[in-house]
Protein chains: 2
Amino acid sequence: MEIDDRLHASGRRMTVQRRLVLEALQRARHHVTADDIATRVRARHPQIDPSTVYRNLEALEELGYVTHTHFDDRVTRWHRADAQRHGHLVCRSCGAEQEVPIGLLEPLARRLRDEHGFQADLAHSAIVGVCKACANVSSE
Amino acid sequence: MEIDDRLHASGRRMTVQRRLVLEALQRARHHVTADDIATRVRARHPQIDPSTVYRNLEALEELGYVTHTHFDDRVTRWHRADAQRHGHLVCRSCGAEQEVPIGLLEPLARRLRDEHGFQADLAHSAIVGVCKACANVSSE
DNA sequence: ACCACTATTGCGGCTCTTTGCGATAAGCAT
DNA sequence: ATGCTTATCGCAAAGAGCCGCAATAGTGGT
Ligand SMILES: [Mn+2]
Ligand SMILES: [Mn+2]
Ligand SMILES: [Zn+2]
Ligand SMILES: [Zn+2]
């Protein structure tokens, strides 16, 4: 089903602003901040308010078209929902980011489901820690 | 080793402001926001600036005396580092927060360490998902 | 007790994000 | 084409937090 149809089906409307946010997301490969999107959109259409971009990202998320992930210190990044799901490791020392297959996180998710009835979304927040490189440096 | 000594040892100084932040943290049982602390401190000492509270929490964190945790909102919560470590589950639907023993998260941490050399701090960010109660409601 | 050094403070200002509100404009019915 | 309903928008303001800077005040030495 097309995005437009899904918008209509949910009682939403297609606006210029929404289309622009959508297009910016298409072009952005991966993990962009709302501020990134706002900046790009406003480069050509300065009259569009940043808050409109934020609200549209939320709306598109409710439609299941985009998702967000939190990196260290709560920086929120957005990406299209049809991209391959994966986990994130972030080094608190050097800031390096690494992606890991979602399968790696599956055992924990299963345990949380079985033992606590909690359906965890382990890709929603990055896992913070110390990367291999930084661990080596500090142990010297 | 006393907090005062650790402060000295790291070339830091003990100030009235720092002592007040520390005391506020002692009194607060669990998970307080920087703004909470600032409000409490400023109730008696209005001349103390909120930014001083923020900076002191960071300083005390570098000393290993306090830590912070991220829940699903944009607010960071602080607590003493000597408290029992534990993981957090947050329901994205009803917002309920639940604590889980850190041991539950250990297997994943071990795997990340073994397979990626990554020392994960799985208590740093809450795990987001859907709690048992909300899952039942939506499946009816 | 006094000095010098510099960590820390209060303040002003700034960034990123969310929210309330009145104005605008999609989408539908006539 | 015209009007109506109400989703969405732009704007202003608030919330959370950070940062530069000049003034203040711990600390260690004399
Ligand atoms: Mn953090
Ligand atoms: Mn989130
Ligand atoms: Zn690193
Ligand atoms: Zn719930």
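We name chains A, B, ... by the order of the sequence lines, and we start the count at 1 in each one.
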With a 6.0 Å cut-off on the ring centroids, do H70(B) and H70(A) count as close? no
Taking the ring centre of each residue, are H124(A) and H68(A) less than 6.0 Å apart? yes
First and last nucleotide of DNA chain D touching chain B, 5' to 3', heavy-atom cut-off 4.0 Å? dG15(D) to dT27(D)
R77(B) NZ/CZ over F71(B) ring centroid, <6.0 Å and within 45° of normal: yes
Counting the atoms with a prime plus P, OP1 and OP2 as sugar-phosphate, which does R74(B) contact under 4.0 Å by heavy atoms, base, sugar-phosphate, or nothing? base
Check: T52(A)/D49(A) side-chain N/O donor and acceptor closer than 3.5 Å: no
When the aromatic ring centroids of H86(B) and H30(B) are compared, is their separation below 6.0 Å? yes
Would one find more than 12 heavy atoms of other residues, nucleotides or ligands at under 6.0 Å from atom CD of Q84(A)? no
Sorted by number, the residues of residues 40-55 of chain A with heavy-atom contact under 4.0 Å to DNA chain C: S51(A), Y54(A), R55(A)
Are H31(B) and H88(B) close enough that their ring centres sit under 6.0 Å apart? yes
So if I take residues 57-69 of chain A and measure heavy-atom distances to DNA chain C, which residues fall below 4.0 Å? none
Please tell me which of T33(A) and M14(A) maps to the more 5' nucleotide of DNA chain C, matching each residue to the nucleotide holding its nearest heavy atom. T33(A)
Indicate yes or no: at least one non-hydrogen side-chain atom of T39(B) is less than 4.5 angstrom from one of D36(B). no
Without decimals, in angstroms, what is the distance between N56(A) CG and dT17(C) P? 15 Å
At their closest point, which heavy atom of L104(A) faces which heavy atom of P107(A), and how far apart are they? O-CD, 3.5 Å
Once you round it to whole Å, what is the distance between C1' of dT24(C) and CZ of R18(A)? 15 Å
Expressed in angstrom and rounded to an integer, what is the separation of D73(B) atom CG from dT18(C) atom P? 11 Å
With a 4.5 Å heavy-atom cut-off, do I127(B) and V90(B) have their side chains touching? no
Please tell me whether R12(A) and S10(A) have a donor and an acceptor in their side chains that are separated by less than 3.5 angstrom. yes
